[in-house]
Amino acid sequence: IKSPRYEDQGTYTCEVSNGVGSAQSYSINLNIEAAPFFTVEPEIQNKAEGETAEIRCEAGGTPAPQITWIHNGVPIDQTPGNPRRRVSNDGKFIIITDLVKKDTGNYGCNATNSIGYVYKDIYVNVQSLPPEIKEAPENVTKVDGSTAVLKCRVFGAPKPIVKWMRDDVDITGGKYI
């Protein structure tokens, strides 16, 4: 095999026969050592206060890479404890629940084996923005019995709750979907 690659690894069998006696075979395993590579890369997280951030990181390679996490330049197991932050037992993800502004920062995933490493740094941005109507509803004229679509596009963090009123009365359900 010229220049074997990671995907060439597996079981190879040599089988011999010549019509005299029984055929014989012998199998071997070809293992290709490979530097780590991401199979799931961590991604930037833009979240609102109170939401949950899940940062995933998975890597392949041979030998199997060990995943470690970095928070603001420090190995996560050396940072001050955070009861809302948990690293999975297999190291493949971090979950931070009930986000607050101080959870904002850099998180890095480092996958290492004896051949090399791969690293990616991402940013968790915890936002706190007041609600804003980005696209206000417009006056609509419809034929009696036809469907009227009223739109109100909003933005804020945490995500604002949109409530519709008709003549100062909350309208929910029924024909108002």
> Taking it one step at a time, do R166 and V169 satisfy side-chain contact (heavy atoms from CB on, under 4.5 Å)?
Replying inline: CA-CA 5 Å; R166 178 174 175 242; V169 176; 5.6 Å; no

>> Checking K92 now: which residues fulfil salt bridge (Lys or Arg N to Asp or Glu O under 4.0 Å) with it, not counting sequence neighbours?
In response: none

>> Listing request: all disulfide bond (SG atoms under 2.5 Å apart) pairs with a residue in residues 54-123, at least two apart in sequence or in separate chains.
In response: C57-C109

> Taking all atoms of both residues into account, what is the closest heavy-atom pair of I55 and Q45, and its distance?
Replying inline: CG1-CG, 4.2 Å

> Which atoms form the tightest heavy-atom contact between P63 and I115, and what is the distance?
Replying inline: CD-CG1, 4.3 Å

>> To the nearest 0.5 Å, what is the distance between CZ on R86 and CD1 on I94?
In response: 11.0 Å

> Can T97 and R85 be said to form a side-chain hydrogen bond (donor to acceptor under 3.5 Å, both in side chains), step by step?
Replying inline: CA-CA 7 Å; T97 58; R85 182 179 67 206; over 6 Å; no

>> Among residues at least two apart in sequence or on other chains, which ones pass salt bridge (Lys or Arg N to Asp or Glu O under 4.0 Å) with K134?
In response: E132

> At what distance, to the nearest 0.5 angstrom, does OG of S114 lie from CD of Q66?
Replying inline: 12.5 Å

> Of all residues at least two apart in sequence or in a different chain, which pass the ring-ring contact (aromatic ring centres under 6.0 Å, His included) check with F155?
Replying inline: none

> Charged N to carboxylate O under 4.0 angstrom, D103 versus R84?
Replying inline: yes

> Other hydrophobic cluster members with Y119, side-chain heavy atoms of Ile/Leu/Val/Met/Phe/Trp/Tyr under 4.5 Å, chained?
Replying inline: I70, Y117

>> Running the 4.5 Å side-chain criterion over Ile, Leu, Val, Met, Phe, Trp and Tyr, what cluster does F38 land in, apart from itself?
In response: V118

> Would you find a donor on one side and an acceptor on the other, under 3.5 Å apart, between the side chain of T104 and the backbone of N125?
Replying inline: no

> Nearest 0.5 Å, what's the CD1-OG1 distance between I96 and T52?
Replying inline: 9.5 Å

> Hey, is the main chain of N106 close enough, under 3.5 Å, to the side chain of N72 for a donor-acceptor pair?
Replying inline: yes

> Around K151, counting heavy atoms of other residues, nucleotides and ligands shown, do more than 12 lie under 6.0 Å from its NZ?
Replying inline: no

> Which hydrophobic side chains are connected to F93, either touching it within the sub-4.5 Å cutoff or through other members that do?
Replying inline: I95

> Shortest non-hydrogen contact from S146 to V143?
Replying inline: OG-O, 2.6 Å

> At their closest point, which heavy atom of I133 faces which heavy atom of C152, and how far apart are they?
Replying inline: CG2-SG, 4.2 Å

>> Which residues pass the salt bridge (Lys or Arg N to Asp or Glu O under 4.0 Å) test with R153, not counting sequence neighbours?
In response: E135

>> Count I, L, V, M, F, W, Y as connected when their side-chain heavy atoms are under 4.5 Å apart, and connections chain through other members. Are I161 and W164 then in the same cluster?
In response: no

>> side-chain contact (heavy atoms from CB on, under 4.5 Å) for Q9 and T62? Distances and angles first, verdict last.
In response: CA-CA 10 Å; Q9 69 183 358; T62 303; 4.0 Å; yes

>> Using the ring-ring contact (aromatic ring centres under 6.0 Å, His included) criterion, which residues pair with Y6? Sequence neighbours excluded.
In response: F37

>> Counting C-beta onward and ignoring hydrogens, is there a side-chain heavy-atom pair between V140 and L150 closer than 4.5 Å?
In response: yes

>> Restricting to non-hydrogen atoms, name the atom on G60 and the atom on P65 that form the minimum distance, rounded to 0.1 Å.
In response: O-CG, 3.5 Å

> Heavy-atom count around E7 CD within 6.0 Å, excluding the residue itself: above 12?
Replying inline: yes

> Can any side-chain N or O of T11 pair as donor or acceptor with the backbone N or O of N29 at less than 3.5 Å?
Replying inline: no

> In Å and rounded to the nearest 0.5 Å, what is the CD to CD distance from E54 to E43?
Replying inline: 11.5 Å

>> Show the nearest heavy-atom pair for residues I122 and P42, with the distance to one decimal.
In response: CG2-O, 3.5 Å

>> My understanding is that a hydrophobic cluster links ILVMFWY residues whose side chain heavy atoms are under 4.5 Å apart, including indirect links. Using that, what else belongs to the cluster containing I28?
In response: I1, Y12, Y26, L30, I32

>> Can you tell me how far apart CD (Q78) and CD1 (I76) are? Round to the nearest 0.5 Å.
In response: 11.0 Å

>> Going by ring pair (Phe, Tyr, Trp, His ring centres under 6.0 Å), name the pairs with one or both residues in residues 52-82, residues two or more places apart or in two chains.
In response: H71-Y107

>> If the condition is salt bridge (Lys or Arg N to Asp or Glu O under 4.0 Å), which residues does E49 pass it with, not counting sequence neighbours?
In response: none

> So with a 6.0 Å cut-off around CD of E41, is the heavy-atom count from everything else above 12?
Replying inline: yes

